[in-house]
Asker: 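Structure in structure tokens, see below.
Here the structure is a predicted model, which is why all the values come from computation and not from measurement.
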4 protein chains.
Amino acid sequence: MNKVRIAIIGLGRIGKIHFENMHFHIPEVEVKAVSDPHTRIETYGIPYLSLEEIMKHPEIDAVAICSPTNTHADYIEMAAKAGKHIFCEKPHDLDLARVLQSLQIVEECGVKFMLGFNRRFDPNFLRIRSLVEQGKVGDPLILKITSRDPGPPPVEYIKSSGGLFLDMAIHDFDMARYIMQKEVKEVYSKSAVFVDPAIGEAGDIDTAVTTLTFEDGSMAVIDNCRKAVYGYDQRLEVFGSAGMAKVENNFPDNHSLSDGSGVHSALPLNFFMERYTTSYLNETRMFVKALVEGVEVPASGVDGLQAMKIALAAKKSITENRPVAISEIK
Amino acid sequence: MNKVRIAIIGLGRIGKIHFENMHFHIPEVEVKAVSDPHTRIETYGIPYLSLEEIMKHPEIDAVAICSPTNTHADYIEMAAKAGKHIFCEKPHDLDLARVLQSLQIVEECGVKFMLGFNRRFDPNFLRIRSLVEQGKVGDPLILKITSRDPGPPPVEYIKSSGGLFLDMAIHDFDMARYIMQKEVKEVYSKSAVFVDPAIGEAGDIDTAVTTLTFEDGSMAVIDNCRKAVYGYDQRLEVFGSAGMAKVENNFPDNHSLSDGSGVHSALPLNFFMERYTTSYLNETRMFVKALVEGVEVPASGVDGLQAMKIALAAKKSITENRPVAISEIK
Amino acid sequence: MNKVRIAIIGLGRIGKIHFENMHFHIPEVEVKAVSDPHTRIETYGIPYLSLEEIMKHPEIDAVAICSPTNTHADYIEMAAKAGKHIFCEKPHDLDLARVLQSLQIVEECGVKFMLGFNRRFDPNFLRIRSLVEQGKVGDPLILKITSRDPGPPPVEYIKSSGGLFLDMAIHDFDMARYIMQKEVKEVYSKSAVFVDPAIGEAGDIDTAVTTLTFEDGSMAVIDNCRKAVYGYDQRLEVFGSAGMAKVENNFPDNHSLSDGSGVHSALPLNFFMERYTTSYLNETRMFVKALVEGVEVPASGVDGLQAMKIALAAKKSITENRPVAISEIK
Amino acid sequence: MNKVRIAIIGLGRIGKIHFENMHFHIPEVEVKAVSDPHTRIETYGIPYLSLEEIMKHPEIDAVAICSPTNTHADYIEMAAKAGKHIFCEKPHDLDLARVLQSLQIVEECGVKFMLGFNRRFDPNFLRIRSLVEQGKVGDPLILKITSRDPGPPPVEYIKSSGGLFLDMAIHDFDMARYIMQKEVKEVYSKSAVFVDPAIGEAGDIDTAVTTLTFEDGSMAVIDNCRKAVYGYDQRLEVFGSAGMAKVENNFPDNHSLSDGSGVHSALPLNFFMERYTTSYLNETRMFVKALVEGVEVPASGVDGLQAMKIALAAKKSITENRPVAISEIK
């Protein structure tokens with residue numbers, strides 16, 4: 001396979017990013033078709049096809065599923081059965097059984113499957129992963145992740161998203177596994193509703209501190225909040241037996257202004273579209289590379305599954321106010 | 001009271017710091033006597049007296065108790081009964097009942113009592129406290145404290161110190177109350193022995209992550225380790241509804257060297273003697289100010305008691321692997 | 001004019017950047033043709049035409065001249081006479097008379113002309129300019145620019161480039177005018193050959209410190225070196241009556257690694273291709289905007305002329321070891 | 001000589017600092033006497049003596065001359081003839097001939113003489129010097145010093161101080177020699193009056209950019225201003241063939257506050273009393289060490305002389321608007 005022929009299903013905010021990255025920036029990709037029942041974007045001549053047409057199309061090697069979460073599992077199964085490789089946006093699905101089921105079909109059909117944990121491909125986090133792999137911090141003992149959004153999504157979104165742990169912190173749970181390269185054994189979360197009472201009324205929380213314990217006793221601490229007034233805050237620090245590596249938040253420029261009242265600098269890059277521009281592009285490159293070179297995808301279905309189990313354990317932990325073992329999640 | 005006449009009891013590492021600060025740097029103090037059964041330091045002509053002589057001395061207004069922890073409660077009671085104001089190094093005592101008992105006597109005798117939570121007087125942490133008080137972060141929601149030592153103390157010390165929570169993290173527990181200005185309701189700790197198996201054999205832990213929940217649901221996360229190979233690490237961050245304030249670690253200079261391999265800068269100030277030089281001096285100034293001006297001491301016996309309860313709850317939490325309410329500690 | 005139809009002349013390193021930016025990233029541009037006598041790059045179906053064909057082409061509104069410097073003035077005149085708007089890479093020409101001549105023709109023909117001072121469009125420098133315009137530093141008194149390359153170009157290049165002042169520092173001379181928004185009155189340069197004796201043998205210098213004096217007595221200091229072993233170094237600071245604004249160098253990530261030997265972070269972005277990616281894109285956007293909206297170009301022929309005069313004065317200053325007035329350069 | 005017996009002459013702002021450092025912080029010093037015709041400070045029982053009494057006193061080994069500049073040369077000669085070692089505040093004298101004369105007498109009398117270039121002993125600058133000595137930057141090629149005061153002194157002071165170059169920039173001229181460890185060959189200064197017209201009327205300037213050329217062609221650039229609204233600004237950077245080392249300005253704490261308008265941090269330490277506290281103490285320690293151990297003083301009379309020549313050359317340079325060779329200053 002020299003050039004990967006891809007169809008993009010779903011052209012919302014993320015689908016559009018993937019379209020532009022694939023069409024303009026990755027020479028090894030040919031976007032053959034797009035599909036979306038409602039949204040129309042500029043596709044530079046690339047045709048809109050129906051889902052059925054895409055699945056039957058003999059010159060489409062892979063699909064990128066960027067449609068609403070509740071369609072993911074169905075489309076994954078359709079694509080797998082049609083012999084298409086699959087890139088799927090996170091989350092895979094909100095129902096654990098459904099995730100397992102569709103992964104089973106993916107496996108049976110022998111197609112590649114990659115889940116869109118884009119943050120794995122951010123230059124900052126890649127550097128930390130690389131330092132850990134090179135042994136620069138020795139044995140990683142404590143991982144700390146700060147992950148705060150600039151503002152909450154609409155309450156309607158929260159109602160269907162699975163809530164803070166499944167739609168937001170799941171990135172951090174994946175990051176914890178990715179950096180530590182170990183499995184989580186136990187989860188303890190403490191949470192609150194501080195940002196908006198309506199979020200609490202919708203059955204979710206907006207602020208949480210989660211402690212993960214890994215198999216070997218090492219730990220991760222993740223703090224999340226739906227609203228940081230100073231903007232999107234994405235930091236990470238890993239402390240180990242031989243050193244400590246960390247990355248700070250990202251800013252649009254590095255100016256400082258000193259005046260009579262102090263030293264002042266810029267607000268961070270506003271949200272994931274600006275902050276993770278590079279990671280989205282790198283992510284797609286890695287998917288394409290996996291197809292072209294026949295290597296492993298760098299974020300698998302099992303990665304999605306494990307992150308989901310951590311999220312479900314976190315939910316259970318706040319309900320029961322006790323540490324919850326991953327083995328309890330089935 | 002214009003000039004406070006103080007006797008220093010115990011001239012070990014910390015006692016010597018207090019002696020020099022009081023003798024050389026605080027004009028409102030006259031050091032009248034020192035006492036130590038074994039150690040002799042240069043006292044610039046100030047006499048060594050016995051404990052009994054100090055307690056009976058009519059021209060001594062206050063004592064600074066810097067002797068071993070197991071003598072604190074006895075000396076506090078002696079001094080209180082002798083009508084001397086008291087500055088006492090932390091920890092007050094390892095036994096909760098004994099702490100309560102001696103505080104009871106202090107109260108009955110009507111003397112002032114200040115506990116040596118020196119970090120409250122560090123310029124960095126003072127600034128954070130001040131920003132919180134000015135409302136610059138709004139309602140404080142999540143506090144994060146990093147507190148790592150450059151290396152573990154001797155195992156013999158650990159055996160008698162009460163362990164990581166009572167001798168090391170207790171500073172952080174106090175800091176959490178100091179910054180948040182609320183009481184802790186519940187504690188959850190996760191811990192491990194990663195630094196030295198001998199610490200585990202002595203019944204203690206050397207690495208811990210502790211989540212505190214305050215009365216109003218806000219949270220603090222504290223991570224401790226007995227050994228950071230890169231040196232003493234003391235950082236703090238408070239996230240609130242209107243902003244986030246943080247202080248970084250302290251360094252001996254702010255140089256950077258850029259060469260063919262990267263940008264390099266200094267290791268942090270090595271340990272508490274170097275890191276908290278200013279805070280020890282400020283602390284004594286505040287004690288003296290409380291005596292001279294008749295105002296409240298800025299770190300009371302109750303502050304010590306509350307920090308101790310958090311430490312005991314943390315110990316219980318790791319034994320039972322569950323969140324422990326402060327109200328369970330009696 | 002809704003969509004600007006552009007031909008790109010010259011497809012070397014910079015020409016390729018402009019091609020990709022215009023073709024993929026700026027919806028208001030249609031690249032109609034490219035031209036290069038030797039180089040062939042992937043043009044996604046856009047035809048290669050001869051210079052003559054481009055100049056005669058009725059559907060080409062503008063040209064981007066990215067060919068060797070010694071062709072610039074000729075092509076500028078050809079394009080102007082053909083009624084094409086012009087974007088020209090710097091330097092305009094190494095001969096002052098030739099620059100004046102071609103600008104005269106541009107003016108007579110009434111086409112727009114923009115010179116490729118791409119650094120004006122870097123987010124860091126844009127921020128500084130904006131802070132100055134907002135009055136945040138008050139009256140700007142002292143500007144400091146650090147501009148060091150990671151390594152020298154081949155000596156052959158230097159022989160035809162006009163040397164350090166005309167090929168490298170000219171960006172900084174332009175930046176000085178851009179930030180200060182005043183004209184330079186006098187120049188004093190001190191220089192040396194420290195990097196490579198062959199550069200000296202070729203009649204050039206590789207290290208220089210230049211002081212510019214503006215009409216109102218305010219000053220700029222620029223230090224240049226052909227080789228910084230730690231990589232490309234591009235910093236700027238402006239000090240004024242009401243404050244000081246500065247930007248630091250740019251790095252590929254913001255990680256730091258603390259280990260037993262210190263704190264370590266990344267080398268800077270390697271050279272102008274990586275460092276000024278965004279500025280090249282912004283630059284083209286501004287050119288296109290000037291055409292579409294009929295507004296002024298943000299880097300004019302006069303801007304190029306003035307920077308060139310400063311460079312020539314700097315050369316004269318090192319030869320004669322004295323401050324040289326811009327009015328001496330004719 | 002085990003304990004150095006010192007008399008302090010002059011108890012103004014700086015004399016008081018030296019008194020307290022010597023009396024309280026340096027065990028190897030015994031302050032035997034102080035002298036000041038007008039000022040009375042708390043001396044903790046140390047007697048006030050007349051100048052004559054001090055010079056005749058058999059138990060005084062050394063004097064610290066902190067009196068007004070116009071008395072320095074006289075007192076140096078008196079002390080040298082009386083066989084006392086000498087620490088003298090900068091500047092030595094405003095008249096070059098007088099400096100040479102008194103140094104001649106110092107040499108004839110065989111006493112040690114140290115000039116108060118305290119900044120040499122600042123931890124930041126010491127680190128840079130050490131990095132240069134260790135070869136970490138290779139051959140130092142360009143030194144950059146930023147030195148700006150928070151506000152100008154009274155115009156009356158400027159009239160008698162010798163002006164910006166002799167009272168303020170002289171520290172930077174000394175620093176340039178100290179870091180580069182080479183002699184300056186030529187000076188070019190450009191200056192202006194931007195802060196206060198009264199300074200210009202008094203015949204001085206308040207803003208200057210000075211280029212120093214060293215014997216081997218390497219360069220230093222120093223920018224000075226009498227007023228930085230954001231506070232005292234003291235930075236330094238040395239660029240060399242193998243790397244670049246720099247130190248940033250010093251701040252009272254390292255907090256940052258992120259809120260809806262940006263990231264904010266503290267103003268710098270206000271002025272030399274706060275900024276150079278440690279350097280004053282280190283300086284005195286080095287003087288005492290030179291006496292006790294019989295080693296060289298780390299800032300000699302010749303160091304003072306050379307810095308003064310640079311300052312005089314800078315003055316001549318602005319008057320004549322040309323580079324001035326140090327050899328012209330006699």
Asker: Within a radius of less than 6.0 Å around NZ of A:Lys90, do more than 12 heavy atoms belonging to other residues, nucleotides or ligands occur?
Answerer: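 Yes.
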Asker: Does atom NZ of C:Lys144 have more than 12 heavy-atom neighbours from other groups under 6.0 Å away?
Answerer: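 Counting other residues, nucleotides and ligands, NZ of C:Lys144 exceeds 12 neighbours.
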Asker: Between C:Leu257 and A:Val137, is any pair of side-chain heavy atoms under 4.5 Å apart?
Answerer: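 Yes. Closest side-chain heavy atoms under 4.5 Å.
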Asker: Below 4.5 Å, heavy-atom pairs only: which of A:His23, A:Glu237, A:His255 has the largest tally toward chain C?
Answerer: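 Greatest number of close heavy-atom pairs with chain C: A:His255.
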Asker: When rounded to the nearest 0.5 angstrom, what is the spacing between OG in A:Ser256 and CG in C:Leu131?
Answerer: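 Here the rounded value is 9.5 Å.
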Asker: Given 3.5 Å as the limit, does a donor-acceptor pair link the side chain of C:Asn254 with the main chain of A:Asn124, or not?
Answerer: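 Checking the backbone N and O of A:Asn124 against the side chain of C:Asn254, no donor-acceptor pair under 3.5 Å is found.
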Asker: What's the separation between atom CG in A:Asp253 and atom CG in C:Asn250, rounded to the nearest 0.5 Å?
Answerer: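 It comes to 9.0 Å.
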Asker: Check this for me: C:Lys182, atom NZ, are more than 12 non-hydrogen atoms of other residues, nucleotides or ligands nearer than 6.0 Å?
Answerer: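 Yes, because the 6.0 Å sphere around NZ of C:Lys182 holds more than 12 heavy atoms from other groups.
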Asker: Quick check on A:His264 against chain C: is it the side chain, the backbone, both or neither that has a heavy atom closer than 4.5 Å?
Answerer: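 For A:His264, no heavy atom lies under 4.5 Å from chain C.
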Asker: How many angstroms lie between atom OG of C:Ser265 and atom CZ of A:Arg127, to the nearest 0.5 angstrom?
Answerer: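 C:Ser265 OG to A:Arg127 CZ: 9.0 Å, rounded to 0.5 Å.
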Asker: Among C:Glu20, C:His25, C:Glu42, which residue forms the greatest number of heavy-atom pairs with chain A at distances under 4.5 Å?
Answerer: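 Ranked by heavy-atom pairs under 4.5 Å with chain A, first place is C:His25.
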Asker: More than 12 heavy atoms of other residues, nucleotides or ligands under 6.0 Å from NZ of C:Lys246: is that the case?
Answerer: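 Atom NZ in C:Lys246 is packed in, count exceeds 12.
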Asker: Quick check for you: to the nearest 0.5 Å, what is the distance between C:Tyr44 atom OH and A:Phe24 atom CZ?
Answerer: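 Atom-to-atom, C:Tyr44:OH and A:Phe24:CZ are 10.5 Å apart.
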Asker: Minimum heavy-atom separation for A:Pro123 and C:Pro252, please, with both atom names.
Answerer: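 Heavy atoms of A:Pro123 and C:Pro252 come nearest at CB-O, 4.1 Å.
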Asker: Checking heavy atoms, do the side chain of A:Asp122, its backbone, both or neither come under 4.5 Å from chain C?
Answerer: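 A:Asp122 has no heavy atom closer than 4.5 Å to chain C.
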Asker: What residue, out of A:Ala245, A:Gly243, A:Ser258, has the most heavy-atom pairs lying under 4.5 Å from chain C?
Answerer: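 Top option by heavy-atom pairs under 4.5 Å: A:Ser258.
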